[in-house]
Amino acid sequence: MSAHIGDFGRPHGTVPPRAALHTDAPSIDLSGAWRFRLSPTATGLDEFWAEGYDDSGWDALPVPSSWPMHGYGQPAYTNITYPFPVDPPHVPTENPTGDHRRVIEVPADWAGQRVLLRFEGVDSYGRVWVNGAEVGATQGSRLTHEFDVTAHLRAGEANVVAVRVHQWSAGSYLEDQDMWWLPGIFRAVTLEVRPSGGIDDVFVHAGFADGRGTLRVDAPDGALLSVPSLGLRDVAVNTDHVLDRVEPWTPETPTLYEAAVSTGAETVSLRIGFRTVAVVDGLLTANGQRIFFRGVNRHEFHPDLGRVVPLDAVRAELELMKTHHVNAIRTSHYPPDAALLDLCDELGFWVVVENDFETHGFEQNGWRNNPTDDPRWTDALVDRMRRTVQRDKNHPSVVMWSLGNEAGVGRNLASMAAVARELDPDRPLHYEGDRSNAHTDVHSRMYATPDEVAEIGAAPDGLPFVLCEYAHAMGNGPGLLSTYRELFERYPRCQGGFIWEWLDHGIRRGNHFAYGGDFGEPVHDGNFVIDGLVFPDRTPSPGLTELGAIFAPVRLVPDGDALTVRNGYDHRDLTGVTLDWTVAVDGTTVAAGSQAAPDLAPGQSAPLPALHADVPAGRGEAWLTVTARLAGATVGAGQVRLRSAADRPRRSGRRLVGDTLGPAVFRGGDLVALGGLALRGPRLDVWRAPIDNDVFGPDPVADRWRKAGLHRLTHRVVDAADGADGYVVTSRVAPAGSDRALLATYTWTADDDAVTLALHVEPTGDWDVPLPRAGVSMAIPGRLGAVEWFGGGPGEAYVDSSVAALVGRYESTVDALQTPYVRPQENGNRTKVRQASFTDPTGAGLELIGHPTFELTARRWSTAELTSARHTDDLRPGRDVHLHLDYGHHGLGTAACGPPPAPEAWLHAEPFDLVVTLRAR
Ligand code: GAL
């Protein structure tokens, strides 16, 4: 066999694509154990498809599956680079090839009926035989292919279905998406009867305009349509209906109407949602209203199963999106499992369905021979677009088609756009890769900076604008979410966007999640595949919590010493929303209540009527916190400070006696004990384990930090002397080889049971880099594992990702403060901490009091250990708890792919002060 597998990407032998339908036609699900054999090449293999072939020595493999997840070969990850030579349409002779065989009994009553064999996902090329006869081949891994197997199937008997799957084919050139390369039959395989006089295809056109629904269902002539709840019973298909009593479909009001299309031979069940999508006066609208995408990009991936995502996991992740106020999904970068779109209709999401098409690796070769501009590939590309539209055309959730992702430009874009428009004139087209917008209805960019977005928004005219990718959620981050939200709210044409991306694609291996390079791939892109809002097992990361707070529809915004409530829903009022409030003093609740939200239309705001009892007299810091709830779910939260804290008393009055100052013992200028508690530090520290946003991107700030030696500062105590202001230790902190330094002055004061450190730091020399963090680090005994604090929480927060953090009193443990980023990095900061304590099981330990606040991290390993770890299980608890008490942190930004932190979130090397009281308790 030649190494040219797949004829410029065209499948063959398939019947015309049609809608995914729920039908009562008989079918057989071919999921389950198949016989399987993996060969390292595509050539020289035997005729395993023959009926009498003896496969008894083969293994059993589940279908659907990605075979490397079951021990056959290895996963491999590349972002842009093709993992084979760019030599289109050829692929290497070393081409992992999986032969699959399955014997199926076909019921006797299927005799004489037309039968289709359907594959919903085969990566990347599947040749198919039934009872020894070749019926065709799939190509287009995430697209549905059906074969008419009537002539080869024997009803009432055992039949052999054989599929040879090659990992690499010509089609692989069209599938260079940034993800694991994972071959296999990874979606459903079904045998389905197509009854004579049945319904092969249906196209629902359900619009909503001027308060009324419009409906036409295209189906074979003679079929009858029923939508009982709208009073339609057995009416003719292919006719237009205008319906008065219809509720429009939106993600906030996903009203669906059960419908059926029947002939005597077959009934197809549908769920119809009424909405009209159109570009009107430069805005993308649904039912005449501006669409606002609070979206995520979603890949299909599972940490144990690869491309196979069980339906319960899909439902759970969509529900998780809903509880975090995500209202849109871009199916990056291929059509999803068909069941996803049923769930999107039901739960309510705007969906951009993307064609299975990306050729990004041609960019590394000057875009030479890019299939996008090569007529030899036109058929395959048009076929892909056609399959995409045909399968998913009936979903109200689907509001745009996307031609593909990062495939450069060329004449085949026009052909693809033409077929999409011809099949479905009612949905606008998206494609980011062609800035001319020659074939699209919206202007799309990825990772545009806030300034660029503002410029686009302010331009006098143009197309609707979406960020098909922004806020790269790799590792700790993204920052900047509230900046982008403001832009989407300020400029009508900036209609939101889709976070990159929903899920970390880590592969579970032992006690950690693996990423690129962990499988010995010669070419790979490391942890760039770990860039989601949820961890590989779909537990939320702090980035998702922040996103949920940013996009919460009920906005509670401080205005003086009161709160204003804003209805941030697009399509509904606040009926049913309750506002639960508390007044807390120093984190302890002193009054609470609940009331209905005011009656506000979408976009309207009103001051909240006085909710709270008077704040009791006293000195404590008082906050009003309001949580908006709808049907048990949190739909907004906000806070306003009712009274500032009185200055917390600082300790003074003791003088140094020997090396003892009140309860504190110093050695060489360092605090080593406090009231019997052994300590090390606190000492100036500016290093953080770089986050992915520090490490990746065109000009990684972490490279500049390392060049500046910020991870290897040395300390020289210049002076340590008791004086009128206290015990003053001055220190010059600098890296080897540089004359640049941080001059630290530690002023210690004490009384009977506490010491206060007032640290002042002055940079000297030429500082052309920001600091990763600015503060002190110290070590305390590991038994002090219980943590309690008054400050921002409950979760991790950083300067440009802190909307979700509310001021309160929280309890946790050192272990639970950690965020297990798949590639270990700085994490777990608690922001604006006023007071914290670390205690052992008897309640003894250390209390820290900020003047006024500090940033706090605590972990059972050092920052150096965190910096060098590659996987979570490289981190082993040591004897101490390592604390960082910081004045500040450099922002998170989203520079791994996109802009660095906003200017106000930079931590410049400038003088700073940090004042903290330490008390043993
Ligand atoms: C985009 C691309 C995505 C992903 C992202 C970086 O360029 O469309 O597929 O690679 O960058 O994570």
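One-based numbering, in listed order, for ligands and for the atoms of each.
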For this session: May I ask you to check whether N405 has an N/O atom sitting below 3.5 Å from an N/O atom of ligand 1?
Result: yes
Exercise. Does one side chain, of S402 or E354, offer a donor that lies under 3.5 Å from an acceptor on the other?
Worked result: yes
Seminar exercise, completed: At under 4.0 Å between heavy atoms, what of N79 touches ligand 1? The answer is side chain
Exercise. Would you say H299 has any N or O atom under 3.5 Å from an N or O of ligand 1, going by distance alone?
Worked result: no
Exercise. Heavy atom under 4.0 Å from ligand 1: found in E469's side chain, backbone, both, or neither?
Worked result: side chain
Problem set entry | Heavy-atom nearest neighbour in the protein, as seen from atom 10 (O) of ligand 1, with distance rounded to 0.1 Å | D178 OD2, 2.4 Å
Exercise. Can R823 be said to sit on top of Y821's aromatic six-ring, NZ or CZ under 6.0 Å from centre and within 45° of the ring axis?
Worked result: no
Problem set entry | Which segment of M446 sits under 4.0 Å of ligand 1 when only heavy atoms are counted | side chain
Exercise. Would R294 count as a cation-pi partner of F488, with NZ or CZ less than 6.0 Å from the six-membered ring centre and within 45° of the ring normal?
Worked result: no
Exercise. Among all protein non-hydrogen atoms, which one is nearest to atom 5 (C) of ligand 1, and what is the separation to 0.1 Å?
Worked result: Y447 OH, 3.3 Å
For this session: Measure H472 to ligand 1 on non-hydrogen atoms and call it side chain, backbone, both or neither using the 4.0 Å cut-off.
Result: side chain
Exercise. Which of the atoms of ligand 1 are close to D531, meaning less than 4.0 Å from one of its heavy atoms?
Worked result: 12 (O)
Exercise. T378 and N412: side-chain donor and acceptor closer than 3.5 Å?
Worked result: yes
Exercise. Listed by chain and number, what are the salt bridge (charged side-chain N to carboxylate O under 4.0 Å, His left out) partners of D374, not counting sequence neighbours?
Worked result: R376
Exercise. Looking only at distance, does E406 have an N or O less than 3.5 Å from an N or O of ligand 1?
Worked result: yes
Problem set entry | N405: which of E432, R330, Q177 passes side-chain hydrogen bond (donor to acceptor under 3.5 Å, both in side chains) | R330
Problem set entry | Under 3.5 Å donor-acceptor, E317 side chain and R538 backbone | no
Exercise. In terms of residue, atom name and distance, what is the protein heavy atom nearest to atom 9 (O) of ligand 1?
Worked result: H333 NE2, 2.6 Å
Problem set entry | Pair D379 + R10, salt bridge at N-O below 4.0 Å | yes
